[in-house]
Amino acid sequence: RCRDVVRGQDAVHSAGTLYLPMLKEQELSEYLAYVARTPFYNATWRTIAGFVGMLFRKPPIIETPKKLEDYLKDVTMSGVSFEAFAKECAYEDLSVSRLGILVDHPTQVQNEDGSPVTVAQAEKLGLRPSMQQYKAEAIIDWKYEYINNKNTLVQVRLLEEAVVAKNEFESEFELRIKVLDLVDGNKYRMRIFKEDDEEQIGEDVYPVMNGKNLDFIPFYFIGPDSTEATLDDPILIDLVDLNLAHYRVSADYEHGCHMTGLPTPVVSGYATEFDAEGKAIPATFYIGSTTAWVFPDANAKAEFLEFTGQGLQALEKNLERKENQMAAIGARMLAPEKSGVEAAQTLAMRHSGEHSILAAIAIAVSEGLTKALTVFAEWAGVKGEIKFEINRDFIPVIADGNLLTQLMALVQGGHMDAESLFDWLKRADLIAPEMTFDEMQKRIDEMPPPAPIAAPGPNDPNNPVDPNNPDNNQPNDPANQ
């Protein structure tokens, strides 16, 4: 359901009766027209896109050793940067609330003497780690066991699609199962099988890192609020179901408009004519100002059916009600803006639900990618601290002038530290997000002293000099300079 709704109108229409049942005694051609007339109001996708925009409103914090920076420009070996990969993970987590990340490395060759190749040699050969995202549907099964008093992932089975060449000009897709497991609980192994007959393709592969076998499976789950492998309902499933309910009501409304909106002529008192054999002669009536209907019976009447009643208005109200419900669940960006100025506190309260959802998603994706990036760095031979954190400041602080004046007074009065004021200014987007307090302080210290303010002259209309007041600052008086 989530996949179809997120993909939009084409996917929902293609699903046919799965989401829109046929009307009673409706022919297939009529049903296809019924579906084609119904638009799909994709509140779910717009909500997800808006949430991702809030998550990446500010660049994520990425702290890695400098040697890893070039690797981050392409972490998938297909030209996708780490930040773009993180955004794809956020989209996926919001869509179905489940995905996995596999950190992989091509089979490492050995030197002639049997020693492992160095990092420099591996880079020269084009051997480097990569990250691959696996969607929820591709994660077939998994298994945990307690090893050394630790709940350890010991097996994962993943579904993949491989391109197999049939001949020089043709190729086809083949489903395969990648099995990742721990042999004897301490040796990572990778195997590939055909999906149809489970025949193994190639030999067992035992990936190594820095010349040693891995004692763990470098696969990381990301869920709606954690990096556990547990199955949870998609975080926006209520919005998805309501979106489909809106679609069904919209189908009834469009069908009603189609059936009642087209003019239907009605003729009464018309005497049917018969031929010599007593068969009724079909009558043809043309509509338009260039034709006339002439009936022998003076009591015959011709008129159009006209729709009356409140049926369609009830459907309109139902559609509006469901749109408001979707807005309440999460599609805030689809709701009409409130007129006038809304208090910042009121606005923050209205968005508190989204904040909790986004905070959970931000934490889960950040944790999962941090774990994957740590192994990625180790496999690249780069040591050092790894940190990745997605923005959690989803709505910018409104830089109100009066509040800023009050905060400045608190700092000057010794009731608030300057660093807290600095953090507030960053949240209000008045300071670049990458700027630190120490860097800002250094800039301030390096600034030249402010230029002196010129004293008012005798002809200054804003501050005239009173020659009778000896305390007045007269610029030409040496005593006052």
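Judged by the 6.0 Å distance and 45° axis criteria, Lys371 is not positioned over the aromatic ring of Tyr220.
Test Asn213, Asp181, Asp184 against Arg189 for side chain to side chain donor-acceptor pair (under 3.5 Å) and you get one pass: Asp181. None of Lys135, Lys178, Arg176 except one satisfies the salt bridge (charged side-chain N to carboxylate O under 4.0 Å, His left out) rule with Glu160; the exception is Lys178. Screening Glu316, Lys322, Glu320, Arg321 for a side chain to side chain donor-acceptor pair (under 3.5 Å) with Asn318, the sole residue that qualifies is Lys322.
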Going through the checks in order, is the side chain to side chain donor-acceptor pair (under 3.5 Å) test met by Tyr19 and Asn243?
CA-CA 11 Å; Tyr19 303 127; Asn243 211 162; over 6 Å; no
Could you go through Arg128 and His105, starting from their C-alpha distance and side-chain angles, then the distance that decides it, and tell me whether this counts as side chain to side chain donor-acceptor pair (under 3.5 Å)?
CA-CA 6 Å; Arg128 48 156 295 178; His105 197 294; over 6 Å; no
ring-ring contact (aromatic ring centres under 6.0 Å, His included) between Tyr146 and Tyr144: does it pass, once the steps are laid out?
CA-CA 7 Å; Tyr146 269 93; Tyr144 279 86; 9.3 Å; no
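Using modelled atom types and a 3.5 Å distance limit, the side chains of Gln441 and Asp438 yield no donor-acceptor pair. For the 3.5 Å distance criterion, the side chains of Asn42 and Tyr247 fail to qualify, holding no donor opposite an acceptor. Asp417 and Ser420 share a side-chain donor-acceptor pair at under 3.5 Å.
Residues meeting the ring pair (Phe, Tyr, Trp, His ring centres under 6.0 Å) test with Phe216, sequence neighbours left out: none. With sequence neighbours left out, the side-chain contact (heavy atoms from CB on, under 4.5 Å) criterion links Ala11 to Asp4, Arg7.
The pair Arg98-Glu92 does not count as a salt bridge, with every side-chain nitrogen at least 4.0 angstrom from each carboxylate oxygen.
Inter-residue side-chain proximity for Lys87 and Val52 is flagged as met; some heavy-atom pair is nearer than 4.5 Å.
Within the structure, ring-ring contact (aromatic ring centres under 6.0 Å, His included) pairs that include any residue of residues 76-98 comprise Trp45-Tyr91, Phe82-Phe388 (at least two apart or interchain).
Relative orientation of the Tyr71 and Phe376 rings is perpendicular, given thresholds of 30° and 60° on the angle between their planes.
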